[in-house]
Amino acid sequence: MIIGIVGGGQLARMMALAGIPLGMRFIFLDPAEDACAAPLGEHLCGHYDNTELLSTMADKADVVTYEFENVPESAITFLADKVDVYPAAQALATARDRIHEKRVFQDLGISTVPFAPVGSFDELQDAVRSIGLPAILKTRTMGYDGKGQFVLRHSDDLESAWNQLGDAPLILEGFANFRREISVISVRGRDGEMRFYPLSENHHRDGILHTAHSLPDDPEQSQAEDYARRIMEKLDYVGVMALELFDTGDKLLANEMAPRVHNSGHWTIEGAVTSQFENHLRAVLGLPLGSTKAKGYATMVNLIGTIPDTSQLLSEAGIHLHSYSKKPYPGRKVGHATVWSASKPTRQKFALNL
Ligand code: AMP
């Protein structure tokens with residue numbers, strides 16, 4: 001089986017690391033010469049809309065998937081004419097536009113923060129009048145790791161927010177007073193079977209995910225699964241999907257979905273019977289899904305900017321280091337470490353100081 005992946009970053013690399021033991025082979029399309037998945041398969045080096053390279057991928061691969069949602073729509077349409085692509089274009093189109101995504105959530109009866117599309121300064125003023133402050137102004141597309149966002153606290157903030165973001169189509173969101181941020185990683189096979197991993201509790205630093213704890217037996221599990229189930233059924237979804245949620249204490253608000261394997265699910269490599277990466281491959285290839293049950297307790301910490309001293313890291317009991325072999329620079333995710341334990345850990349023990 002040959003799997004084509006649009007994108008050759010760490011998510012593609014970890015998919016390949018999961019699929020190679022199952023006899024799968026990989027082709028990656030990525031413009032970076034040093035794409036970190038490249039050593040694990042064939043690397044088509046070029047832009048995502050390069051039709052010659054897309055044709056090569058479609059000819060060679062049995063199925064194509066992607067590792068990020070900002071793949072040009074034209075690339076997916078081009079590929080889908082020639083080869084099976086999962087998750088399908090409908091999921092990608094939903095996830096890449098925050099307004100479209102939140103309308104899908106609303107139509108499915110899934111709670112969200114109040115929101116409004118913003119296309120002009122007048123619309124921004126109207127939206128602030130109806131939603132109130134604080135609020136967050138975000139770009140509708142291409143946002144990631146907290147980029148393209150501006151928190152509005154006072155009415156004087158509107159002008160600078162508009163000057164900074166006003167060139168792009170925007171969404172104004174009401175500010176959620178959440179108790180914690182969680183996500184549910186789910187998988188749906190080609191035959192419609194769905195499985196759900198235990199929730200992750202996520203902590204961010206400077207808008208970037210820093211730590212994710214697995215939460216076996218969390219009381220919000222069934223509500224989160226119900227939301228994810230509705231979305232996957234509606235989109236006839238195939239593959240792994242992540243749904244990020246704000247837990248306000250009395251309900252879960254859906255923030256955003258990712259039509260792909262997700263950083264808050266990296267702990268599943270050591271902390272679940274089948275990792276999110278293997279289950280994504282199983283799903284897109286039409287193979288039986290693996291168990292999503294937790295094995296013990298896991299905490300994942302992103303290594304951002306640089307990999308700390310390896311000997312010191314590996315001296316920590318139960319630690320698993322994943323270095324992506326990426327050139328370090330500030331703010332770049334260059335690896336992650338997962339600490340695993342059989343019994344419920346105390347949070348101090350998992351502080352990890354990273
Ligand atoms: P996002 O790109 O939507 O995942 O936002 C990045 C982070 O900003 C989230 O993980 C939250 O910590 C915070 N955030 C985003 N939207 C809201 C909101 N409507 N209310 C409060 N915090 C938010």
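Every number for a ligand or one of its atoms is a count from 1 in the order of the listing. Keep in mind the model is a prediction, meaning the values are calculated, not measured.
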I need the atoms of ligand 1 closer than 4.0 Å to a non-hydrogen atom of [X], numbered in the order shown.
X	answer
E244	4 (O)
E256	1 (P), 2 (O), 3 (O), 4 (O)
E181	9 (C), 10 (O), 11 (C), 12 (O)
N255	1 (P), 3 (O), 4 (O)

Would you please classify the geometry between the H203 ring and the H213 ring as parallel, tilted or perpendicular, with 30° and 60° separating the classes?
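Answer is perpendicular, since the angle exceeds 60°.
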Can you tell me if [X] and [Y] form a side-chain donor-acceptor pair at under 3.5 Å?
X	Y	answer
Q10	K333	no
T141	D97	no
T299	W267	no

How does N202 reach ligand 1, by side chain, by backbone, by both or by neither, if only non-hydrogen atoms under 4.0 Å count?
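Neither; no heavy atom under 4.0 Å.
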R98, Q149, H204: member with heavy atom nearest to atom 6 (C) of ligand 1:
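The nearest heavy atom belongs to Q149.
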When you compare ligand 1 with I136, is there at least one nitrogen or oxygen pair between them that comes in under 3.5 angstrom?
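There is no such contact.
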Members other than Y48 in its cluster, when Ile, Leu, Val, Met, Phe, Trp, Tyr link by side-chain heavy atoms under 4.5 Å?
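ILVMFWY cluster around Y48 also holds I2, V6, I27, L29, L44, L53, L54, M57, V64, Y66, F68, V71, I76, F78, L79, V83, V85, L92.
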Would you please indicate if the ring centroids of H266 and H336 are separated by under 6.0 Å?
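Yes, close enough.
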Is ligand 1 less than 4.0 angstrom away from at least one heavy atom of G174?
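Judged by the 4.0 Å heavy-atom criterion, G174 does count as contacting ligand 1.
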